[in-house]
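Here the structure is laid out as structure tokens; the discussion comes afterwards.
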Amino acid sequence: MPAPFGALGVVMRDDRLATITLLPRAADPFTRHGRAVAEVCRQMQAYLKDPRFEFDLPLALTGTVHQRKVWRMLRRLTPGNLVTYGDLARRLHTSARAVGGACRANPVPLVVPCHRVVAKSGVGGFMGATSGPEMAIKQWLLDHEGAR
DNA sequence: ATCAGGTCTCAAG
DNA sequence: CTTGAGACCTGAT
């Protein structure tokens, strides 16, 4: 589906959300909508329209124990509410880099708001990149939520 | 067993 | 202000 920063893709598994892909440019829309996909899209639009919207979707997440811990923490963050890698690391008794690794592995950006994790000085990275179009999307999201 | 990451901190220039 | 080294924990090979 189209998004202000480009486009957004949705992959379902057993009617549950498995993967979200963020694209910097518009893509040809995929027109086969199941009921579950439609609901995901509905919530996506709601969020894109109003940053205060909070997702409530069934997820099909696969990851290590550590990754799940980090993702669980992230899900408790409300829009515009930022944390640093170091902060999360202390709360989970781990290291900042390990947190970064888990964020990088996040399959469902926006729903698990890895974009709300920033470096102590600087913005950090997004989707495996520290510069380039991915970072432009992170910036857009932060602006959208009115974060600094 | 090794290496590279979405980092942090601290000590020098 | 800028740089560099070391510490840090995980995931992948």
Side-chain angles (χ1 to χ4, degrees), chain A residues 1-30 37 40-148:
Chain A
M1 59 177 274
F5 47 77
L8 181 160
V10 175
V11 178
M12 308 295 287
R13 191 163 56 234
D14 289 336
D15 276 356
R16 298 189 305 170
L17 179 59
T19 311
I20 291 280
T21 57
L22 270 32
L23 308 166
R25 296 193 307 275
D28 288 339
F30 209 90
V37 185
V40 174
C41 291
R42 186 190 72 74
Q43 296 201 22
M44 287 297 153
Q45 304 218 19
Y47 168 77
L48 294 172
K49 178 180 166 198
D50 177 6
R52 291 172 310 174
F53 179 85
E54 296 189 33
F55 292 98
D56 180 23
L57 291 168
L59 301 179
L61 260 37
T62 56
T64 66
V65 177
H66 170 253
Q67 290 168 344
R68 289 166 178 279
K69 271 195 223 166
V70 174
W71 299 341
R72 198 174 307 134
M73 280 294 160
L74 293 186
R75 290 250 269 156
R76 305 174 34 173
L77 289 176
T78 54
N81 190 351
L82 305 187
V83 279
T84 65
Y85 298 98
D87 280 350
L88 269 183
R90 267 188 300 280
R91 289 192 220 170
L92 294 171
H93 304 96
T94 179
S95 84
R97 290 194 101 161
V99 171
C103 294
R104 187 182 42 173
N106 171 27
V108 284
L110 302 206
V111 182
V112 172
C114 54
H115 59 279
R116 294 183 193 138
V117 188
V118 297
K120 183 162 191 186
S121 101
V123 195
F126 195 53
M127 311 210 79
T130 50
S131 66
E134 297 87 353
M135 284 306 295
I137 296 179
K138 181 169 184 175
Q139 293 283 3
W140 186 92
L141 293 170
L142 292 177
D143 289 348
H144 184 229
E145 298 183 0
R148 277 167 297 141

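Proteins get letters first, then strands, A, B, ... in listed order; numbering begins at 1 in each.
We find the CG-CZ distance between A:Asp15 and A:Arg13 to be 12.5 Å, quoted to the nearest 0.5 Å. Here A:Phe55 contributes atom CZ and A:Leu110 contributes atom CG; the two are 5.5 Å apart, rounded to the nearest 0.5 Å. Between the CG atom of A:Leu17 and the CG atom of A:Leu57 there is a distance of 6.0 Å, given to the nearest 0.5 Å. Put simply, CE on A:Met1 and CG on A:Leu23 are 12.0 Å apart, with the number rounded to the nearest 0.5 Å. Taken from CG in A:Leu92 to NE2 in A:His66, the straight-line distance is 6.5 Å, to the nearest 0.5 Å.
Contact annotation for A:Met135: no contact, since no heavy-atom pair falls under 4.0 Å across all strands. When heavy atoms are screened at a 4.0 angstrom cut-off, A:Gly86 is found touching the sugar-phosphate backbone but no base atom.
Applying a 4.0 Å cut-off to non-hydrogen atoms, none of the residues of residues 111-123 of chain A approaches DNA chain C. Interface residues of residues 18-25 of chain A facing DNA chain C, ordered by number: none; criterion, heavy-atom separation under 4.0 Å.
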Provide a list of protein-nucleic acid N or O atom pairs under 3.5 angstrom, restricted to nucleotides 7-10 of chain C.
unit_1	atom_1	unit_2	atom_2	d
C:dC9	O4'	A:Ser95	OG	3.0
C:dC9	O3'	A:Thr94	OG1	3.1
C:dT10	O3'	A:His66	ND1	3.4

Every protein N/O within reach of nucleotides 10-13 of chain B N/O, cut-off under 3.5 Å:
none

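The closest side-chain heavy-atom distance from A:Leu82 to A:Val117 is not below 4.5 Å. Between A:Arg91 and A:Val83 there is a side-chain heavy-atom pair separated by less than 4.5 Å. Two residues are said to be in side-chain contact when any heavy atoms from C-beta on lie closer than 4.5 Å; A:Leu74 and A:Arg116 fail this criterion.
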* How does DNA chain B read in dot-bracket, base by base from 5' to 3', with Watson-Crick or G-U pairs under 3.5 Å and | used when the partner is on another strand? -> |||||.|||||||

* To do: Run the numbers on A:Val70 and A:Asn106 for side chain to side chain contact (heavy atoms under 4.5 Å, CB included), then give the verdict.
  => CA-CA 9 Å; A:Val70 174; A:Asn106 171 27; over 6 Å; no

* Intermediate values then yes/no, side chain to side chain contact (heavy atoms under 4.5 Å, CB included), A:Arg16 and A:Leu59 -> CA-CA 5 Å; A:Arg16 298 189 305 170; A:Leu59 301 179; 5.9 Å; no

* Going through the distances and angles, do A:Arg72 and A:Arg75 end up as a side chain to side chain contact (heavy atoms under 4.5 Å, CB included)? -> CA-CA 5 Å; A:Arg72 198 174 307 134; A:Arg75 290 250 269 156; 5.9 Å; no

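Summarising the geometry, the separation between CG on A:Asn106 and P on B:dG6 is reported as 13 Å, rounded to the nearest angstrom. The nearest whole Å value for the distance from the CE atom in A:Met73 to the C1' atom in B:dG6 is 19 Å. For the pair A:Tyr85 OH and B:dT7 C1', the computed distance is 9 Å after rounding to whole Å.
Remark: the backbone N or O of A:Asp87 is paired with a side-chain donor or acceptor of A:Thr84 at under 3.5 angstrom. Although no hydrogens or angles enter the test, the distance criterion places no donor-acceptor pair under 3.5 Å between the side chain of A:Arg104 and the main chain of A:Gly125.
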Could you pull out every donor-acceptor pair under 3.5 Å between side chains of residues 40-48 of chain A and any protein atom, sequence neighbours left out?
unit_1	atom_1	unit_2	atom_2	d
A:Arg42	NE	A:Glu39	OE1	3.1
A:Arg42	NH2	A:Glu39	OE2	3.2
A:Gln43	OE1	A:Asp56	N	2.9
A:Gln43	NE2	A:Glu39	OE2	2.9
A:Gln43	NE2	A:Asp56	O	3.0
A:Tyr47	OH	A:Glu145	OE2	2.6

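Taking the six-membered ring for Trp and thresholds of 30 and 60 degrees, A:His144 and A:Trp140 have nearly parallel ring planes, at less than 30 degrees apart.
One P atom belongs to B:dG6, the other to C:dG6, and the distance between them is 22 Å to the nearest Å.
The residues A:Arg52 and A:Asp50 are annotated as salt-bridged, a charged nitrogen and a carboxylate oxygen being separated by less than 4.0 angstrom.
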